[in-house]
Amino acid sequence: MTDQTKGLLLTFLGVMCIVPEALFVRVIDAPMLTLAFWKVTLVGLAIGTGLLLAQGAAPFRALRRAGWASAIYVGGVACAGVGFVLAVRLTSVANVVFILASLPVFAAIYSRVFLGEPITRRMFFTIAAVLAGLAVIAFGSGETENASRAGDLLALAISAIFAGALTAARHARAVSMVPAVALAYLLAGLALLPVAQPLQMPVEELPQMLLYAIFMAASAGLIALGPRYISSAEVGLLVLLESVLAPLLVWAVLGEDPGVYALIGGGIVVGALFLSNLIALSRRRRVVPPLPHH
């Protein structure tokens, strides 16, 4: 198996594991903060234990080398891990995943401001199209059942915060941030403990809760490994699958109609990012020199 195939397969499997997350949040019958607490605590324990068993404490010690970048990443992942659960409970699944798809836009802006990377003409047009799509989604929130502008704003805040975390991780790319995910989730669990009322999780919901945690831990590990073998444009294209499949899964299982505004706005957002990543990928392939023939 080539590195390219390995990277595509790992990332694809990671994305497929994250597709059912919104469905889990919808079907597990527990208070919002209780569900968020168990999600971050179980996933944090799973990733942390897996790393300790496989590599010992070395990956956690390495985080200190990244300094402030690892601290920003931990804070961003903690907020995003809890925030996703809250956003899905507050607005429609389609709105959440389409708004979260705007993450590369924030990442491009942060990379320009903090890392001095230019915003290309391609990215400028992508940002304009994504903002137009988000405006359509926001306009439709007042018209669509299950949608709310408060939930939409929370999803937008998560997108901005998580993009900041990823920008910090790029700044410290020599250090693996997988242990930071475990740390972030466990710290988020500790922060939620006084308000989450963990014992309010019904016993009959525990099997689904465990399955949810397994999917999320697998996704975190696979998506962290994939980009080692493939470009960020290829990762970006695969991650867009979640934006398309997650609302379709919830629609199919629970009958939650995304609404025409979410479909139009989401189509603009996903379409713009798909086209942008496709152009980036084709340009990258043109500049890669062909291998010499023997």
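Heads up: numbering here begins at 1 and tracks the sequence. Just so we're clear, the structure is a prediction, and the values are computed from it rather than from any experiment.
Contact annotation: the side chain of S243 never approaches that of L100 to less than 4.5 Å [non-hydrogen atoms, C-beta and beyond].
The shortest non-hydrogen separation linking T91 to G151 is CG2-C, 3.6 Å. Closest heavy-atom contact between N95 and A262: OD1-CB, 3.3 Å. Residues A174 and R65 share a closest heavy-atom pair of O-NH2, 4.5 Å.
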Name each donor-acceptor pair under 3.5 Å that joins a side chain in residues 162-170 to protein atoms two or more places apart or in another chain, with its distance.
| residue | atom | partner | partner atom | Å |
| --- | --- | --- | --- | --- |
| T167 | OG1 | A163 | O | 2.7 |
| R170 | NH1 | S111 | OG | 3.3 |
| R170 | NH1 | E117 | OE1 | 3.1 |
| R170 | NH2 | E117 | OE2 | 3.1 |

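Residue pairs meeting the ring pair (Phe, Tyr, Trp, His ring centres under 6.0 Å) criterion with at least one partner in residues 29-80, sequence neighbours excluded, are W68-H171.
Of the inter-residue distances, the one linking E204 atom CD with I28 atom CD1 reads 12.0 Å to the nearest 0.5 angstrom. In this structure, CD1 in I279 is found 10.0 Å from CZ in R121, a value given to the nearest 0.5 Å. A distance of 9.5 Å separates CD1 in I223 from CG in L238, rounded to the nearest 0.5 Å. Note that CG of L13 and CG of L9 are 4.5 Å apart. Values are rounded to the nearest 0.5 Å.
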Practice item. Check the pair L211, F24 against side-chain contact (heavy atoms from CB on, under 4.5 Å), reporting the backbone distance first and the verdict last. Key: CA-CA 9 Å; L211 192 61; F24 278 119; 3.9 Å; yes
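Residues that satisfy the ring-ring contact (aromatic ring centres under 6.0 Å, His included) test with F139, not counting sequence neighbours, are Y261.
Linking ILVMFWY residues whenever their side-chain heavy atoms come closer than 4.5 Å, directly or via other members, leaves I119 and L115 in distinct clusters. One hydrophobic cluster holds both V96 and L249 under the rule that ILVMFWY side chains link at heavy-atom gaps under 4.5 Å.
For the 3.5 Å distance criterion, the side chains of Y229 and Q4 fail to qualify, holding no donor opposite an acceptor.
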